[in-house]
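Input: a single structure, listed below in structure tokens.
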Amino acid sequence: MAKKNQLGVTPLSEDVSAWYNELVFKAELADRGPAKGTMVIRPYGYRIWELLQSQLDQRFKDTGHVNASFPLLIPMSYLQREADHVEGFAPELAVVTHGGGKELDEPLVVRPTSETVIGEMYSRWISSYRDLPVLINAWNNVVRWELRPRIFLRTTEFLWQEGHTAHADEDEAMEETLRMFDVYVEFALNVAAIPMVKGEKTPGERFAGAVRTFTIEGMMQDGKALQSGTSHYLGQNFAKAFDITFQDENNELQHVHTTSWGMSTRMIGAVILAHGDDAGLVLPPRLAPIQIVIVPIGRGEQAEAPLAKCRELAAQLEGLGVRAHVDDRDASPGFKFNDWELKGVPLRVELGPRDLEAGHVLVAQRVGERDDKGRPVKETVEFEEFVTGAPERLDAYHDQLVARATAFRDERSGVADDWDTFAELVGRGFAYALHCGEPSCEDDIKAETSATPRCISTEDGFAGEGTCIRCDRPSVYGHRVAFARAY
RNA sequence: CGGGAUGUGGCGCAGCUUGGUAGCGCACCUGCUUUGGGAGCAGGGGGUCGCCGGUUCGAAUCCGGCCAUCCCGACCA
């Protein structure tokens with residue numbers, strides 16, 4: 001058993017898994033629900049989700065999408081209409097067999113994803129090329145029966161968004177698939193401060209029912225990959241299964257081409273695992289419920305003036321769109337410092353009688369320069385300068401987290417052209433290697449290294465052909481495949 | 001489903017080997033003193049010891065069964 005620090009959390013450096021589990025509870029992000037595999041997202045964690053939601057939703061609106069809501073319960077027979085889709089989801093379905101005290105004629109499944117109901121509705125709504133494209137997104141919850149749940153990373157019920165679009169032809173649908181893929185990449189970097197490894201899934205890792213699947217994979221601090229968002233080109237698979245047809249300009253009947261794309265509450269897990277440290281959470285400012293916490297210092301009458309100034313500063317910060325909070329709890333400053341560090345607040349401000357006299361605050365960054373006791377080096381900043389400079393300071397902090405995460409990822413990743421290098425790299429991060437594309441060969445690699453193909457990397461510098469890293473058959477993708485152990 | 005572990009105040013645990021009427025830390029409540037890196041003292045409230053059955057004068061403790069949860073694998077955003 002790794003020994004716990006004074007926060008009661010196992011150090012990240014000793015046991016990432018224990019650290020993660022304990023931190024989720026201690027930071028009050030979430031709790032376990034009474035039924036196995038369910039989670040309660042607590043207000044602090046839910047605020048992160050709301051911030052994620054609003055910023056992602058804005059991007060959907062900016063790319064022409066509208067929101068709608070579809071039913072939770074789906075007739076079992078719908079799932080069965082697309083062969084690959086049922087096969088993929090059958091093992092993880094929750095099925096409702098009774099309603100109103102009676103056994104149902106046809107069981108209903110609790111949606112594991114909504115392709116099928118939405119397919120049914122699209123077939124009703126679409127009849128002409130003039131109806132296309134249909135660009136709808138849904139924010140909802142889905143249920144997938146998980147054998148081994150982990151809060152945020154893999155729970156039986158989770159929250160997400162699923163975009164579903166229908167287009168007249170393949171080109172347009174592929175363009176949409178890639179557009180939303182780019183939105184995820186950009187969002188992950190600019191909001192969650194996570195530089196994603198991106199690319200296309202190999203056939204064996206594709207979404208059930210998709211023709212092509214694109215994925216963003218984040219690197220967590222234990223070197224494991226976390227799939228954080230996917231965008232699928234579904235071809236005409238669902239159009240054929242649900243008879244989604246339209247008449248084109250030439251009066252010919254055609255099936256539409258559909259896409260779907262999703263990002264879930266798993267992203268919160270990605271943020272925890274990508275940025276956190278021994279002291280607790282480290283939240284990127286654009287997802288932080290509190291961006292700046294202000295701690296008044298002083299006792300008795302001496303506390304009143306600093307507290308008033310703290311409130312004034314907070315109001316000014318709020319005026320600039322900064323989420324600021326004055327911690328006026330009846331607790332010692334030291335307690336508050338540790339508490340907010342545990343909760344990952346980007347910036348902390350201290351303001352006591354001495355500071356008030358001098359007209360400045362002390363500013364400490366959650367991640368940044370440390371003194372020899374491991375405590376943040378506190379910067380002295382004049383009141384007005386601090387307030388007006390706060391937005392910029394938060395942006396700089398965001399950039400700092402990106403730089404740190406990028407350096408970590410790159411240091412743990414590399415190109416592998418021989419098996420030993422491959423095995424070593426995959427033990428600590430991503431290995432970019434050539435692959436034959438055979439599912440059985442993927443299985444062998446998994447059995448020997450526990451690594452799986454995360455994506456075919458189409459990024460610069462990863463083009464290549466040659467022989468497979470494991471079996472020496474010719475490589476097939478024209479690009480290297482990023483392999484890693486994964487959540 | 002396989003392997004491992006655990007169920008005792010809200011949380012974390014001890015007590016079980018060797019049965020005797022439940023204890024510690026944190027949290028909570030009251031009061032006083034405190035407050036620049038997890039404050040101190042004093043007082044106080046709160047538990048059918050996972051469930052069912054058995055052994056016994058007596059069970060948290062011994063025996064049998066069941067249930068649940070967690071961790072490690074197989075399925076997965």
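In what follows, every chain begins at residue 1, and chains take the letters A, B, ... in the order their sequences are listed.
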Atom pair distance, as rounded to whole Å: CG in A:Asn338 and C1' in B:G38: 5 Å

Sugar-phosphate, base or nothing in reach of A:Lys373, heavy atoms under 4.0 Å: nothing

Residue from A:Arg485, A:Arg454, A:Lys224, A:Arg412 passing side-chain contact (heavy atoms from CB on, under 4.5 Å) with A:Phe430: A:Arg454

Touch class at under 4.0 angstrom, heavy-atom based, for A:Pro376 against every strand present: base

Watson-Crick and G-U pairing of RNA chain B written in dot-bracket, each distance under 3.5 angstrom, with | for inter-strand partners: ((((((((.[[[[.)....(..]]]].((((((.....)))))).....[[[[[..)....]]]]])))))))....

N/O donor-acceptor pair, side chain A:Lys378 with base B:G37, under 3.5 angstrom: yes

Whole-Å gap separating C1' (B:G37) and CG (A:Leu362): 13 Å

Mutual orientation of the aromatic rings belonging to A:His232 and A:Phe207 [parallel < 30°, tilted 30-60°, perpendicular > 60°]: parallel

Sugar-phosphate, base or nothing in reach of A:Arg348, heavy atoms under 4.0 Å: base

Derivation of the side chain to side chain donor-acceptor pair (under 3.5 Å) call for A:Thr202 and A:Glu442: CA-CA 10 Å; A:Thr202 61; A:Glu442 290 183 359; 3.0 Å; yes

Touch class at under 4.0 angstrom, heavy-atom based, for A:Ala331 against every strand present: base

Sugar-phosphate, base or nothing in reach of A:Asp355, heavy atoms under 4.0 Å: base

Close residues, residues 286-298 of chain A, relative to RNA chain B [heavy-atom separation under 4.0 Å]: A:Ile297, A:Gly298

Donor-acceptor pair (no angle test) under 3.5 Å: A:Glu22 side chain, B:G12 base: no

Polar contact flag, side-chain donor to acceptor under 3.5 angstrom, A:Asp57-A:Gln53: no

Sugar-phosphate, base or nothing in reach of A:Arg354, heavy atoms under 4.0 Å: base

Residue pair A:Thr165 / A:Thr259, side-chain donor-acceptor N/O under 3.5 Å: yes

A:His164 vs A:Phe70 side-chain heavy atoms within contact, under 4.5 Å: no

Base-contact (B) and sugar-phosphate-only (S) positions in nucleotides 72-77 of chain B, heavy-atom cut-off under 4.0 Å, - elsewhere: SBBBBB

Aromatic ring pairing A:Phe242/A:Phe238, orientation class (parallel under 30°, perpendicular over 60°, tilted between): parallel

is_close_aromatic(A:Phe60, A:Trp261), centroid dist under 6.0 Å: yes

Identified salt bridge (charged side-chain N to carboxylate O under 4.0 Å, His left out) partner of A:Glu341 from the options A:Arg375, A:Arg370, A:Arg348, A:Lys26: A:Arg348

